[in-house]
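First up is the structure itself, then whatever we jot down about it.
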Amino acid sequence: MQQKYNPQVIERDAQQFWDDAQAFRAVESGDKPKYYCLSMFPYPSGKLHMGHVRNYTIGDVLTRYHRMKGYNVLQPMGWDAFGLPAENAAMANGVPPAKWTYDNIAYMRKQLKSLGFAIDWSRELATCKPDYYRWNQWLFLRMLEKGIAYKRTQVVNWDPIDQTVLANEQVIDGKGWRTGATVEKREIPGYYLAITKYADELLEALDTLPGWPERVKAMQANWIGKSYGVRFAFPYTIDGKAEKLWVFTTRADTIMGVTFVAVAAEHPLATRAAQGNAKLAGFIAECKRGSVMEADLATMEKKGMPTGIFVEHPLTGEKVEVWVGNYVLMGYGEGAVMAVPAHDERDFHFARQYGLRITQVIDIPGQSFSTDAWQECYADKEKGVCTHSGKYDGLNYAAAVDAIAADLAAKGLGEKQVLYRLRDWGVSRQRYWGCPIPIIHCADCGDVPVPDKDLPVVLPEDCVPDGSGNPLNKRPDFVDCACPKCGKPAKRETDTMDTFVDSSWYYLRYACADNSTAMVDSRVNYWLPADQYIGGIEHAILHLLYSRFWNKAMRDLGLVKIDEPFKNLLTQGMVLNEIFFRKPAAGRITYYNPADVDLTVDDKGNRVGAVLRADGQPVESGGIGTMSKSKNNGVDPQALMESYGADIARFYMMFTAPPEQTLEWSDASVEGASRFLRRVWSLGYETAQRPVADMPAALPAPLAAARREIHAVLKQGNYDLGRHQFNTVASATMKMLNALEGVLKGGNDAAANAVLREGLSILLRVLSPITPHITHQLWRDLGYGEDILNAPWPEPDAQALVESEMELVIQVNGKKRGDIRVPRDANKAAIEAAALADAEVQKFVAGQPVKKVVIVPGRLVNIVV
RNA sequence: GCCCGGGUGGCGAAAUUGGUAGACGCAUCGGACUUAAAAUCCGAAGCCGCAAGGCGUGCCGGUUCGAUUCCGGCCCCGGGCACCA
């Protein structure tokens, strides 16, 4: 056995051992409970980043822990391989996205392997391969047949110079990222998936997911946004025809306070009103400029313009003018809203800006109403009753909504309606590097689905995008085809699918990645649902909601039996690092990588400044942020692995912060992890030099205390593992090491060696999921067994934990003033007497009458005077 | 703007149901070993104070014998907002 810890050699050997044994090959079998540990698969961006290392280390800890607990474990890995960055790289380097992607996968796979993850690589998949994405196409066609997929227009960001659709990410301050041209909203046709048909189930089923974080469920529930309201119409006449302008409101009780109606710029009424009204047409065009992002729409200045068209109030018959408002969303509800300035904050400010009438119709008891300034309580539907509302006066919210909905219904002008904020999922992308949508456009037959026998529609892998439009449009070998119905020349659809489609079902495919004749098979029913899903909090809504929807759609097509794909969810926090920069008086900010910056500290360790190592001159701190290229604050895991090895990187990641919290990078703390593992190795080496000894029936007090410490820490560590608080599990292994080093120094007799050997076997097993290589080697070197993977998980020995005395804290008026040791079975009277007898306590009681004594069993005594 | 999190020593953090605030570690300081340095080992330490003691979990207030934990209000930071993944 080597005296010195050499991670590079140990890690290479351990990984070779696992490879030779095919140790992580998962086989469906009935004799053990199964455990499917799933991590969000990476986008092959080039090399692993710290977020990946963190994500997959968490998954690996859970995988290895459950394996030792006796589960049949599957941990697969794959590649979310389609996407925009490959096209950007292609534009920058002239390399086809396919080559760039496959090269990245090869490099990142090697990195993952060197981290020693217990992955079953035989199930690896990449979404850009035809044997994967053919099933995207196949299922899309099934959805089309079922009416879940359908075609309509969608609003996109349009770059007028490049003549191309831009992703939100490519829109910067309302301008195209490459051209700088002002982006326009443009309507184009596209395919949608009817996720709204599942809105209610997606909402209700959140209650069946106790293993999901409450915050994620809250975000999803808000996203689905179920609201109860009234859909009703304002009748009007235009061009001699009777029409109705429909709106939706959750505040029908305020209908008597309507003073105008606002429609979206894209609303047909706005289009009609703009005919012969150049000013309005100009305003509508202005509304259509800018990005389609909700955050932009919500923060922009609220603007409007009257249309000159008047509609009739459905209950009073009063004339109400229609305005075009840039804040009204065509995609939500009816694309038109009733405006009640007195009881809606946005309407209030809009009305004041344009001098529109504000009519109070809700009376909040004890609150006066003024049209001068908005107050939060004006919109409170819980506290008020109707006023200035004729027959509805005095009714509360619920009663007023009932009465008004009934009156509207009687006139045939409205009814109660449940509305969801959730919109159908637009899956068409005008981009090359994605899964082709299997549709053929025929002049005679229209949009014709590609027959199943012709799947997959294979994406050519040799295109190099140049930023202007979709390169597939310039590929006649792809576009030109025969209509499957009539055989005449036809054009193939060149839109590809949103990459969220690819990631919506990959977790199913891992169960049967080798099946070339079906999307899924019965093995899916063995492994799914995933017992644990791990990924970044940034996926809390879109990816997780789409996956849940896709799973339910597949269930309804009879392909899977499960209702929900992910039983337990762990959302890991992001990895952050400090940002350093210099801002010259003139010119651009330069960012410096934290690795090139030295911190200066005073003699108490307090930080006083930061200087660039290269020139010794100060740099400014820009706070903490996610690791990014633009802020130059990334840390490359490869460098970490090369200088320290996988175990140290893994231990650092687990120890530094609990999994769900953000993790702030610190080079110094990596050094601490390294020191710890060197000490573990050294303890193993020293123990190996000593004879093996049996545990005696009775131990001397110091050894009994050390053994008690080991088992108490183990008990806590097991509890922490159960709740996925891995940072304190790592702490627990450090506490064990501290105790065992004490034993090692305490003597070299048989009793000490027995405690040492038992303690080390516990320490190695608890540590092994976090740092599998060093523990694998020590386990063998110390002769505990062939393979620590097959060792049983340690459980605390109840007898080792028994103690005859307990320590109680004594407080006077809630402040700690001392502590006492009493027999474990001491009664309350004895404890109280012992507490009052304490000298320190007497000082603070100082003859004052004792009002009350609170005794918390096993913890403390509080004397109130 | 809307939705969801977070804020505890110089730093990362811990505190299982309201019960010893700061476990474990990093950095710092002192000591041992060494020709010296690194490594290693031993020890100190929340802040103020010579001490007695006081003050301390973003800020203000409340409930309680007792609040990091519960309640009300506020400030700051991070994530998501549907074409980044």
Among [options], which nucleotide has an atom closest to any side-chain atom of [X]?
| X | options | value |
| --- | --- | --- |
| A/Lys745 | B/C42, B/G1, B/A85 | B/C42 |
| A/Thr656 | B/G12, B/G1, B/G79 | B/G12 |
| A/Met293 | B/A85, B/A82, B/G79 | B/A82 |
| A/Lys852 | B/A85, B/A39, B/C65 | B/C65 |
| A/Phe844 | B/A85, B/G53, B/G79 | B/G53 |
| A/Glu664 | B/A85, B/G12, B/C4 | B/G12 |
| A/Ile541 | B/A85, B/G80, B/G79 | B/G80 |
| A/Gln725 | B/G12, B/A14, B/G1 | B/A14 |

So what does [X] touch, heavy atoms closer than 4.0 Å: a base, only the sugar-phosphate, or nothing?
| X | value |
| --- | --- |
| A/Trp425 | nothing |
| A/Ala540 | nothing |
| A/Gln170 | nothing |
| A/Phe500 | base |
| A/Arg817 | sugar-phosphate |
| A/Ser682 | nothing |
| A/Met40 | nothing |
| A/Pro42 | nothing |
| A/Arg429 | base |

Practice prompt. For A/Lys745 and A/Val743, indicate whether the former's side chain and the latter's backbone hold a donor-acceptor pair under 3.5 Å.
Written response: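 A pair under 3.5 Å: no.
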Discussion item. Please check this pair: side chain of A/Asn633 against backbone of A/Asn577, looking for a donor-acceptor N/O pair closer than 3.5 Å.
Written reply: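 Checking the backbone N and O of A/Asn577 against the side chain of A/Asn633, a donor-acceptor pair under 3.5 Å is found.
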Taking the side chain as C-beta and beyond, is there a heavy-atom pair between [X] and [Y] under 4.5 Å?
| X | Y | answer |
| --- | --- | --- |
| A/Tyr327 | A/Asp347 | yes |
| A/Trp681 | A/Gln2 | yes |
| A/Leu202 | A/Phe549 | yes |
| A/Tyr5 | A/Ser682 | no |

Worksheet item: Do A/Trp505 and A/Tyr132 have their ring centres less than 6.0 Å from each other?
Response: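 That pair passes the under 6.0 Å test.
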Worksheet item: Any chance CZ of A/Arg152 has more than 12 other-residue heavy atoms, nucleotides or ligands included, within less than 6.0 Å?
Response: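 Count over threshold, so yes.
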Given the [atom1] atoms of [N] and [M], what is the spacing between them in whole Å?
| N | M | atom1 | result |
| --- | --- | --- | --- |
| B/G56 | B/U68 | C1' | 12 Å |
| B/C77 | B/A82 | P | 23 Å |
| B/G9 | B/C33 | C1' | 32 Å |
| B/G25 | B/U40 | P | 14 Å |
| B/G22 | B/A15 | P | 13 Å |
| B/G30 | B/G18 | C1' | 40 Å |
| B/G80 | B/C71 | P | 28 Å |
| B/C59 | B/C75 | C1' | 7 Å |

Worksheet item: With pairs taken as Watson-Crick or G-U wobble and both distances under 3.5 angstrom, which stems of at least three consecutive pairs involve RNA chain B?
Response: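 Counting only runs of 3 or more consecutive pairs, the stems involving RNA chain B are B:1-7 with B:75-81, B:10-12 with B:24-26, B:28-32 with B:40-44, B:46-48 with B:53-55, B:58-62 with B:70-74.
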Item to complete: Taking all non-hydrogen atoms of both residues into account, name the closest pair between A/Leu203 and A/Ile224 and its distance.
Response: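 Looks like N-CD1, 3.7 Å.
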Discussion item. Does B/G5 have OP1 or OP2 under 4.0 Å away from a side-chain N or O of A/Gln661?
Written reply: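 It does not, given that no N or O in the side chain of A/Gln661 lies less than 4.0 Å from OP1 or OP2 of B/G5.
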Discussion item. Within the 4.0 Å limit for protein heavy atoms, which parts of nucleotides 16-26 of chain B are touched? Write it as a string from 5' to 3', B for base, S for sugar-phosphate only, - for none.
Written reply: B--BB--BBSS
Discussion item. So that I can tick it off, tell me whether A/Glu87 and A/Arg178 are bridged by a salt bridge, with the cut-off set at under 4.0 angstrom between side-chain N and carboxylate O.
Written reply: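 Answer for the salt bridge query: no.
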Worksheet entry | With sequence neighbours excluded, residues passing side chain to side chain donor-acceptor pair (under 3.5 Å) with A/Gln716 |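 Side chain to side chain donor-acceptor pair (under 3.5 Å) check on A/Gln716 returns A/Asp720.
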